[in-house]
Every structure is written in C-alpha cells, then in structure tokens.
Amino acid sequence: MYGSASTHDIPVSATTGLENEDPILLAEFEARIARGEKIEPRDWMPALYRKQLIRMIEQHAHSEIIGSLPEGTWITRAPGFRRKMAQMAKVQDEVGHAQLLYSAAETLGKTREQMLSDLINGKSKYSNVFNYPAFTWADSNVISWLIDAGAIVNQMANAKGSYGPYCRALERICAEESFHLKYGHDAVVHLATGTLTQRRMIQEALNRWWPPIMTFFGPSDKMSVHTEILMRWKVKMASNDHCRQQFLDMYVPKIWELGLTVPDAKLRKNEDGVWEFTEPDWEDFKRVINGDGPCNAERLAVRRAAEENGAWVRRALLSPKAKYVKPLA
C-alpha cells in the first residue's frame, strides 16, 4: 500500500492508548477479528485502531493524488495518441482511487477537508516514492509498471484485512490497478525491445527509480514499532519485509527477462529463497518523507494551488448551514 511508510515516524509504543479501553469490549473486538469478521463503521473499536486506520487510509489516499502528478506531466508529451489516451485514463483512475479512499477514511470520523488540509500543511504524509522527478517518458513507464506492481502486492494483501470499508475500496482499486500494471509493462517492453536509444532510456530510468522502489514498502520490520499491533488487528496483513521479498520474487525475473539490469550489485536469491539486497538508505528515506526530497515542495504546491483554485466551487455548492454527514459505506 502507498501508505506503508507512514508507521515509521510514530515515536510511541505499539500499544499506547489501550490502557484506557474496556477490557471486555477489547477482548470481544479482538475475538471478532480473529474469527475473520469485518469491523464496520458503527461497530465498537479501540481508539488506537481508529487512529491507525485513519492514518493509513488517508495517507494511501494522499499517495494516489500526489502519485498522479509525475505521470500526469507526461500526458501531453506521451509518444502518440494511443499512449496519451492510456496515460490520461490511468491518471483519472488514480484520482478516482483517492476518492474511494477518502470516503473510506471519512467513515472513521475525519472529514475530507481535514485530511486535505493536513496534506497541504505537511502534517499528513504520503508515499516517499512520489517525491522524485520523472525526467523522461521512460520514468513514467517505470512508475506505471513497478510502482504499481509494488502497490498491488500491498493492496491485495490488505484487501483481506479487518476494516470493511477499506477492504471493499481496495478490492475495486486492485482490479483497476491490474490494468495499470499491464499498461506499464507493455510500455516498458516497447522501450526495452526497441532501439539502442530506447533501451538506454529505460535502463537509466530503472537505475533512478530502483532505490525509491526499495523503500516503497516502508522501513524494515525491526524499525517499525507498529507492525505487531497492526497485524494482530489485521489492519496490515503482511509485514513490510514480507512485501518487499514478494515484490523481488515476482518482478526481478521479469526485469531480467527484458535484458535489463537491476542496479544493485548485492542483489541475489539465496538457496532458501530469500533475496539479499543493498539495505536502503533509511536516513535519506526519513529526510524525504519528512519534507526534504527533490519534489516535496513542488508536489504540495500543485496540490495547494488546486485547493485554492477550486475553493469557489466548494463555496458555491455547500450551504453555510450544511452539516457534515459521516459516510456509512
């Protein structure tokens, strides 16, 4: 999931907040989750469960919105009408995914306006991978293929999680993301099997994006204080390291099949099936996700401008007496 990185910067213990919960209600809640039941918006839930879900879902939504920006810049410059149309459709889908996710987060009591305000003000994070520039058409293709592939690895797992509205949103999102993956793979294959210039362009793009891709799933499990409680409550269905290994297992062979090289001299698969790789620079990861990446300011400036330019529409549509109604789905 795009929000995987969000658990790194929460400096409290994994169970902070549970000491004030009713032990009987908490036991019943955890028993329901253990049985595989879905938790719905009007059901009782611990405050920490609600807080972590809001954090994860809204950051996933933000990542869909911000993630459309590097690809969106290539719509008008895509090579050919067919590619332009496909790129436009993909960007539209990503924005639509954000709408589904914001609706799912709203069922937990935080309004969309609050979430977008937190994004623009830097309070709420989004996936660090979208703070890097897409210099060429090939960069856009690598995003469409491998970033979306990583997202599907996370989202397919979490679609089986415990919170009903999020799971239902993820089921639809994963169906659409599978088309995005095929589109991105087709575009990469076209370049990888093309001219020497095209092959060099796609290899250079892969070289640029591989380090961010390796941090996409979030910090290693030993660095994440929340993995245990999130997996116990089935908010997350797989750990960051497990998802990273699954991604490598599925997509490194596909990269090699195209005659491309992975820019990591240490990358190898051991006899036990576990991939070894160069440990990502987690200090750089923290720096970028906390606002000091190559494109952080640019991405938020675009989002801020969109909010400001659309303010008059929202004022025209909303009655001053209108009250916020929490969605039920």
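What's counted below: heavy atoms across the whole structure, side chains too, no hydrogens, waters or symmetry copies. Note that the structure is predicted; figures quoted are calculated from it, not measured.
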Engineer: Please check this pair: side chain of D292 against backbone of V288, looking for a donor-acceptor N/O pair closer than 3.5 Å.
Structural biologist: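 Between the backbone of V288 and the side chain of D292 there is no qualifying donor-acceptor contact (under 3.5 Å).
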Engineer: Roughly how far, to the nearest 0.5 Å, is the OG atom of S68 from the CD1 atom of I75?
Structural biologist: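 If I round to the nearest 0.5 Å, the distance is 8.5 Å.
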Engineer: Do P46 and L18 make a side-chain contact, defined as non-hydrogen atoms from C-beta onward lying under 4.5 Å apart?
Structural biologist: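 With C-beta onward as the side chain, the pair touches.
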Engineer: Please evaluate residues N207 and Q203 with respect to the criterion side-chain hydrogen bond (donor to acceptor under 3.5 Å, both in side chains), reporting the C-alpha separation (whole Å), side-chain torsions for both, the decisive distance (0.1 Å), and the verdict.
Structural biologist: CA-CA 6 Å; N207 293 347; Q203 181 64 63; 2.9 Å; yes
Engineer: Please determine whether residues V188 and I255 belong to a single hydrophobic cluster, defined as Ile, Leu, Val, Met, Phe, Trp and Tyr linked transitively by side-chain heavy-atom distances below 4.5 Å.
Structural biologist: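 Cluster IDs for V188 and I255 match.
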Engineer: Using the rule that two of Ile, Leu, Val, Met, Phe, Trp, Tyr join whenever any of their side-chain heavy atoms come within less than 4.5 Å, decide whether V262 and M250 are in one cluster.
Structural biologist: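 In one cluster with V262: M250, yes.
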Engineer: Output yes when a side-chain donor or acceptor of K90 lies under 3.5 Å from a complementary backbone atom of S144, and no otherwise.
Structural biologist: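 Flag not set: sc K90 to bb S144 has no pair under 3.5 Å.
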Engineer: Would you check if the side chain of R314 reaches a backbone N or O of E307 as a donor-acceptor pair within less than 3.5 Å?
Structural biologist: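 Looks like yes, one N/O pair under 3.5 Å.
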Engineer: Mark yes or no for whether K84, through its side chain, and A78, through its backbone, hold a donor-acceptor pair below 3.5 Å.
Structural biologist: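 The answer is yes, because a donor-acceptor pair under 3.5 Å joins these two groups.
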Engineer: For the backbone of R112 and the side chain of E106, can you confirm whether one donor and one acceptor N or O come within less than 3.5 Å of each other?
Structural biologist: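 Such a contact is found between E106 side chain and R112 backbone.
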Engineer: Please give me the minimum heavy-atom distance between W209 and V129, naming the atom from each residue.
Structural biologist: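 Taking every non-hydrogen atom into account, CZ3-O, 3.3 Å.
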Engineer: Any side-chain heavy atom of D221 within less than 4.5 Å of one from H242?
Structural biologist: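 Result no, sub-4.5 Å side-chain heavy-atom pair not found.
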Engineer: Just by distance, do the side chain of R304 and the backbone of I120 share a donor-acceptor pair under 3.5 Å?
Structural biologist: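 Between the backbone of I120 and the side chain of R304 there is a qualifying donor-acceptor contact (under 3.5 Å).
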Engineer: Without hydrogens or angle criteria, can the side chains of N141 and W145 be said to hold a donor-acceptor pair below 3.5 Å?
Structural biologist: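 Note: N141 and W145 side chains miss the donor-acceptor criterion.
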Engineer: Dump the intermediate steps for side-chain hydrogen bond (donor to acceptor under 3.5 Å, both in side chains) on R55 and S124, then the final yes or no.
Structural biologist: CA-CA 8 Å; R55 190 190 314 277; S124 181; over 6 Å; no
Engineer: Is it true that the side chains of E177 and H180 contain a donor and an acceptor less than 3.5 Å apart?
Structural biologist: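 Distance-only check passes for E177 and H180.
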Engineer: Taking F247 as the starting point, is it possible to reach V274 by hopping between hydrophobic residues whose side chains are less than 4.5 Å apart?
Structural biologist: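 No, V274 does not connect to F247 through the hydrophobic network.
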Engineer: According to a hydrophobic-cluster definition based on side-chain heavy atoms being under 4.5 Å apart (Ile, Leu, Val, Met, Phe, Trp, Tyr only), do W44 and L53 belong together?
Structural biologist: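 Yes, W44 connects to L53 through the hydrophobic network.
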Engineer: Taking N121 for its side chain and K123 for its backbone only, find out whether a donor-acceptor pair lies under 3.5 Å.
Structural biologist: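 Between the backbone of K123 and the side chain of N121 there is no qualifying donor-acceptor contact (under 3.5 Å).
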Engineer: Does the side chain of Y126 pick up a donor-acceptor pair with the side chain of N131 at under 3.5 Å?
Structural biologist: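 Note: Y126 and N131 side chains meet the donor-acceptor criterion.
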Engineer: Answer yes or no: is there a side-chain heavy-atom contact under 4.5 Å between T215 and W282?
Structural biologist: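 Yes - at least one pair of side-chain heavy atoms lies under 4.5 Å apart.
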Engineer: Verify the ring-centre separation between H60 and Y102: is it less than 6.0 angstrom?
Structural biologist: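 No, too far apart.
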Engineer: Within 45° of the axis and under 6.0 Å from the centre of the six-membered ring of W74, does NZ or CZ of R77 qualify?
Structural biologist: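 Flagged: R77 positioned over aromatic ring of W74.
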Engineer: Please report the closest heavy-atom contact between P133 and R299, naming both atoms and the distance.
Structural biologist: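 Taking P133 first and R299 second, the nearest heavy atoms are CA-NH2, 4.2 Å.
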Engineer: Does this structure show an ion pair linking E40 with R168, if we count only N-O contacts that are shorter than 4.0 Å?
Structural biologist: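 R168 and E40: salt-bridged.
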Engineer: Is there a donor-acceptor pair under 3.5 Å between the side chain of D139 and the backbone N or O of T136?
Structural biologist: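 The answer is yes, because a donor-acceptor pair under 3.5 Å joins these two groups.
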Engineer: Side-chain heavy atoms nearer than 4.5 Å, only ILVMFWY residues, links allowed to pass through others: does that put Y183 and F179 together?
Structural biologist: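 No; F179 is not reachable from Y183 via cluster members.
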Engineer: Thinking salt bridges, do E283 and R287 make one under a 4.0 Å N-O criterion?
Structural biologist: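 No, no charged N to carboxylate O under 4.0 Å.
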Engineer: Is there a donor-acceptor pair closer than 3.5 Å between any side-chain N or O of N309 and the backbone N or O of A306?
Structural biologist: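 No, N309 side chain to A306 backbone: no donor-acceptor pair under 3.5 Å.
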Engineer: With no hydrogens and no angle check, do the side chains of Y49 and S162 hold a donor and an acceptor under 3.5 Å apart?
Structural biologist: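 Yes, side-chain donor-acceptor contact under 3.5 Å.
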Engineer: Determine, for D43 against K38, whether the closest basic-nitrogen to carboxylate-oxygen distance falls under 4.0 angstrom.
Structural biologist: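 So D43 does not pair with K38 through a salt bridge.
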Engineer: Looking only at atom types and distance, does a side-chain atom of N270 sit under 3.5 Å from a main-chain N or O of G273, one as donor and one as acceptor?
Structural biologist: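 The answer is no, because no donor-acceptor pair under 3.5 Å joins these two groups.
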Engineer: Any ion pair linking K266 and E276 (charged N to carboxylate O, less than 4.0 Å)?
Structural biologist: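 So E276 does not pair with K266 through a salt bridge.
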Engineer: Taking the side chain as everything from C-beta on, heavy atoms only, tell me whether E30 gets closer than 4.5 Å to R232.
Structural biologist: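 Yes. Closest side-chain heavy atoms under 4.5 Å.
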Engineer: Any heavy-atom pair between the side chains of R303 and I65 that's under 4.5 Å?
Structural biologist: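 The answer is yes, as the side chains (C-beta and beyond) meet within the 4.5 Å cut-off.
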Engineer: Roughly how far, to the nearest 0.5 Å, is NZ of K234 from CG of N158?
Structural biologist: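 Those atoms lie 12.5 Å apart.
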Engineer: Do we see a donor-acceptor contact under 3.5 Å between the side chains of S140 and Q87?
Structural biologist: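 Looking only at side-chain atoms, Q87 and S140 do form a donor-acceptor pair, the distance falling under 3.5 Å.
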Engineer: Just by distance, no angles: are the side chains of Q245 and D249 close enough, under 3.5 Å, to form a donor-acceptor pair?
Structural biologist: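 Distance-only check fails for Q245 and D249.
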Engineer: Is there a side-chain hydrogen bond (donor to acceptor under 3.5 Å, both in side chains) between S220 and D241 once you walk through the steps?
Structural biologist: CA-CA 6 Å; S220 62; D241 287 341; 5.0 Å; no
Engineer: Say you draw a straight line from CG of L248 to CE of M214; how long is it, rounded to the nearest 0.5 Å?
Structural biologist: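 Atom-to-atom, L248:CG and M214:CE are 4.5 Å apart.
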